[in-house]
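Presented below is the structure to which this report refers.
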Number of protein chains: 2
Amino acid sequence: MNQETGHAVTYQYDAEDKVLAAVDCIIFGFDEEDLKILLIKRGFEPEKGKWSLVGGFLKKEETMEDAATRILELYTGLDNIYMEQVATFSEVDRDPVERTISTAYYALINIREHSKNLIKQFSAQWFSVSNAPHLIFDHDRMVQHALQRLRNRSATEPIGFDLLPQKFTMRQLQKLYEAIWDAPFDKRNFINKINSLNIIDKLDEKDMTTSRKGSYLYQFNAEKYEKREGKFLI
Amino acid sequence: MNQETGHAVTYQYDAEDKVLAAVDCIIFGFDEEDLKILLIKRGFEPEKGKWSLVGGFLKKEETMEDAATRILELYTGLDNIYMEQVATFSEVDRDPVERTISTAYYALINIREHSKNLIKQFSAQWFSVSNAPHLIFDHDRMVQHALQRLRNRSATEPIGFDLLPQKFTMRQLQKLYEAIWDAPFDKRNFINKINSLNIIDKLDEKDMTTSRKGSYLYQFNAEKYEKREGKFLI
DNA sequence: ACAAAAGTGTTACGGTTACACCCATGC
DNA sequence: GCATGGGTGTAACCGTAACACTTTTGT
């Protein structure tokens, strides 16, 4: 930031308005069928009892990435999670209590790994994106924005794997992308496309839980991804 | 934002840290050859005399979009300009004077229309993106981020026209996209592609300033764009 | 034997790319 | 008449999309 006001040689930052800065997290998970988001029932006024994204205020000694990481750990018990800034929302009256700007981040977690205790403690709940309740403030817009970003990003970066177990089947991967895009893909074309990317390894193991025949497990190979030529593009 | 702390029924916003919120603008222009950005020589400490994006602090009664619009008008005299939020930068020490987070916006203006007086008044100057000086704070990162966003957006939305005069030639349009992408395009393929989009009108006028033969002028047709089927994709 | 999900290849189509010559005009 | 930039069409190529049957195995 910079500004020249009245040609003063030294600028008086003191005269400027300060605001509360918040971070809100759109936590995505995938349950083999639907793309889900983690919401909490707000425990204080205003809007007490309504559904809300998880969030918190930015502290003086942390970056927004730090804050988002802290909030994510607080509500899921997880760290080292893929995360991306979405946008900052700054409508003047977005929080009726006090002027607050909020930066939204989305995070991708393996839904089987988060802490069930914390979920209970915070009255949190997973909702399908397509079937979520109305949220407080501008949180619905944040979710839509995050979803759009997730779609764009997942088409050009191999981030979908963050929503799956380390070992996964082709059907799971396909269902994941179908959930993200809310559109069906052709089974053979999808597999051919993924295989042509040459970034996942087929294992000798099979997952026997969803069919009698069983389906092969695969694993993302980060090394192959780094060394690949050509684009990643689903 | 929301947070449940110690199960209090009413949350004390008062206890939270406030920060300065700034807006910095990456103002893009196009001069028939290069993609340019408008920079100012900082008139106060710290970093006095160094080059910087134009910016300002967010005021209590305005949104960030408002602030960006205000700043843009202050430095160029223009309003009603295409603008998009890029991201918020929040490194703790990014501004050495005081904790300040800054949200970057990029704007696309017709470089012939901005106020020359203001440019002079603020010691502002246009620099080719590829040949700009080092900027203060994290402004270099902001520019790179904005440029990437401009590339992505301009591939799927007809925003390039905001950088051109209302009437322009195919060669100008092509050079603009070449500047944005820093890559050459085939003349015939480009024209075929643009024509197939069916969103610009060929006029009966010619621009005689760059060749003896003259080249036809075209005009973006917003109505056709709204009604088109299929994607816009350069 | 049959139900239920997994696995597998080929062809048609459409968009992208590569490419070279003539045109109009001012000097 | 010639130099300069403007304008035009086609064929090869490649990635995407459409499409149906066989395999495995638990019950």
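Chain letters run A, B, ... following the sequence lines, proteins first and then strands; every chain starts at 1.
Counting any heavy atom pair closer than 4.0 Å across all strands shown, Lys202(A) reaches sugar-phosphate atoms only and no base atom.
With rounding to whole Å, Gln174(B) atom CD is found 14 Å from dT8(D) atom P. Rounded to an integer number of Å, the gap from CZ of Phe185(A) to C1' of dA18(D) is 15 Å. Between Lys193(A) atom NZ and dA18(D) atom C1' there is a gap of 15 Å when expressed in whole angstrom units. With rounding to whole Å, Phe190(B) atom CZ is found 18 Å from dC19(C) atom C1'. Whole-Å rounding puts the Asp186(A) CG to dT8(C) P distance at 14 Å. Between Ile191(A) atom CD1 and dA5(C) atom P there is a gap of 16 Å when expressed in whole angstrom units.
OP1 and OP2 of dT8(C) both lie 4.0 Å or more from every side-chain N or O belonging to Arg188(A).
Taking the centre and axis of the six-membered ring of Tyr218(B), the NZ or CZ atom of Lys202(B) falls outside the cone set by 45° and 6.0 Å.
Between the side chains of Thr209(B) and Asp207(B), at least one donor N or O sits under 3.5 Å from an acceptor N or O. A donor and an acceptor atom, one from each side chain of Thr63(A) and Ser90(B), are nowhere located under 3.5 Å apart.
Taking 4.0 Å as the cut-off between side-chain N and carboxylate O, Lys224(B) and Asp201(B) count as a salt-bridged pair.
Ranked by how close their nearest DNA chain C nucleotide is to the 5' end, Arg212(A) and Arg171(A) are led by Arg212(A). Nucleotides of DNA chain C nearest to Asn192(B) and Lys213(A) differ in position, and the one nearer the 5' end is that of Lys213(A).
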